[in-house]
2 protein chains.
Amino acid sequence: MSPRKFFHPDLADLTLHRVLFALSDPTRLAVVSELMKTGERASGDLLAESVPRSTMTHHLKILREAGVTRTRPEGMRCLISLRRQDIDARFPGLLDAIMAHGGAEA
Amino acid sequence: MSPRKFFHPDLADLTLHRVLFALSDPTRLAVVSELMKTGERASGDLLAESVPRSTMTHHLKILREAGVTRTRPEGMRCLISLRRQDIDARFPGLLDAIMAHGGAEA
DNA sequence: GTCTATGTACGATTTTCGTCGTACATCGTA
DNA sequence: TACGATGTACGACGAAAATCGTACATAGAC
């Protein structure tokens, strides 16, 4: 019945320490780095390494609830995208500064 | 005997996710914000709110071991300063982007 | 040396996080 | 309807974090 709803915080509700926390994990940092490079990605395509589905779901939930990403159901899959404009509006330069390093080193 | 030694990670050992984690706590964010505004501060002067000494020591240790701050014993007190140059060298623009927001909202 | 001020170290407790297996829900298709 | 593919929800477990009280160490003043 429920067409798969996901909670996304409002722009005004984003807090700096929550965003920073969401980005303080190597796995999540790698996901954001991937999204910045390739744009919207299906959840399953982010499962490159040996990360179980449920673990990835957990990380994506943290990113989403911190306001870093947006999750959009598309058929059978979930498309994940960065909330670039929102984050840039609230914390100008933050994403660029963080990802300038590449995020490779995590 | 020991003239109070503190461990500080080398510049090359700073990792992005550790730095972000150190900054993902409201109390620590407030400390860094204070340091950016007023420069070097004594540890005790950072105890503004109802934070017990031992708790503040804990937070300062996290910041120090992540490479965000430097602790320097000066007489009876401990002077805390930002490792501005180091962080800027390794993660250009990061501190500015984070603190542009003021850090007030934490 | 004694006393006081400033911080640290250690330990205990509670909470949170990261991981993952299993069960369930959704979506498309046959 | 049933089936397979994709993800989520829930629970459990171990590891780490946040808090704070108490005891200890250091530095200066007396």
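Remember, predicted model here, so these are calculated numbers, not experimental data. Reminder, nothing fancy here: chain letters follow the sequence lines and each chain counts from 1.
- Under a 3.5 Å cut-off, the side chain of B:Asp10 and the backbone N or O of B:Ala12 do not form any donor-acceptor pair.
- Residue-level contact check: A:Thr57 touches the bases, meaning some heavy atom is under 4.0 Å from a base atom.
- Nearest heavy atom pair, residue B:Thr69 against residue B:Arg83, reads O-CD, 3.5 Å.
- Rounded to an integer number of Å, the gap from A:His17 NE2 to C:dT16 P is 12 Å.
- Atom CE in B:Met76 sits about 13 Å away from atom P in C:dT4, given to the nearest Å.
- Residue A:Arg77 has a polar side-chain atom (N or O) positioned under 4.0 Å from OP1 or OP2 of D:dG7.
- At distances below 3.5 Å, at least one donor-acceptor pair connects side-chain atoms of B:Thr57 with backbone N or O atoms of B:Arg53.
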Verdict with reasoning, B:Leu23 to A:Leu16, per side chain to side chain contact (heavy atoms under 4.5 Å, CB included):
CA-CA 9 Å; B:Leu23 298 175; A:Leu16 185 53; over 6 Å; no
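- Of the possible polar contacts, none joining the B:Arg41 side chain to the B:Leu46 backbone as a donor-acceptor pair under 3.5 Å is found.
- As rounded to whole Å, 12 Å separates atom C1' of C:dT4 from atom CZ of B:Arg53.
- Cation-pi geometry between A:Arg28 and A:Phe21 is met: under 6.0 angstrom from the ring centre, within 45 degrees of the axis.
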Decide yes or no on side chain to side chain contact (heavy atoms under 4.5 Å, CB included) for B:Leu60 and B:Ile80, but give the supporting numbers first.
CA-CA 8 Å; B:Leu60 291 178; B:Ile80 317 292; 4.1 Å; yes
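- Using modelled atom types, no side-chain atom of B:Arg77 and backbone atom of B:Ser43 make a donor-acceptor pair closer than 3.5 Å.
- With the end axes of the helix from C:dG1-D:dC30 to C:dA30-D:dT1 each set by five pairs, the angle from one to the other reads 10° at 10° resolution.
- Going from atom CG of B:Asp45 over to atom P of C:dG7 covers 7 Å, rounded to whole Å.
- Residue B:Glu65 contributes atom CD, which lies 14 Å from atom C1' of D:dA16 at whole-angstrom precision.
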With the criterion being N/O to N/O and under 3.5 Å, what pairs connect the protein with nucleotides 18-22 of chain D, and how long is each?
| residue | atom | partner | partner atom | Å |
| --- | --- | --- | --- | --- |
| D:dA18 | OP1 | B:Arg28 | NH1 | 3.4 |
| D:dA18 | OP1 | B:Arg28 | NH2 | 3.2 |
| D:dA18 | OP2 | B:Arg28 | NH1 | 3.4 |
| D:dA18 | OP2 | B:His58 | NE2 | 3.3 |
| D:dT19 | OP2 | B:His59 | NE2 | 2.4 |
| D:dG21 | N7 | B:Ser54 | OG | 3.2 |
| D:dG21 | O6 | B:Ser54 | OG | 3.4 |

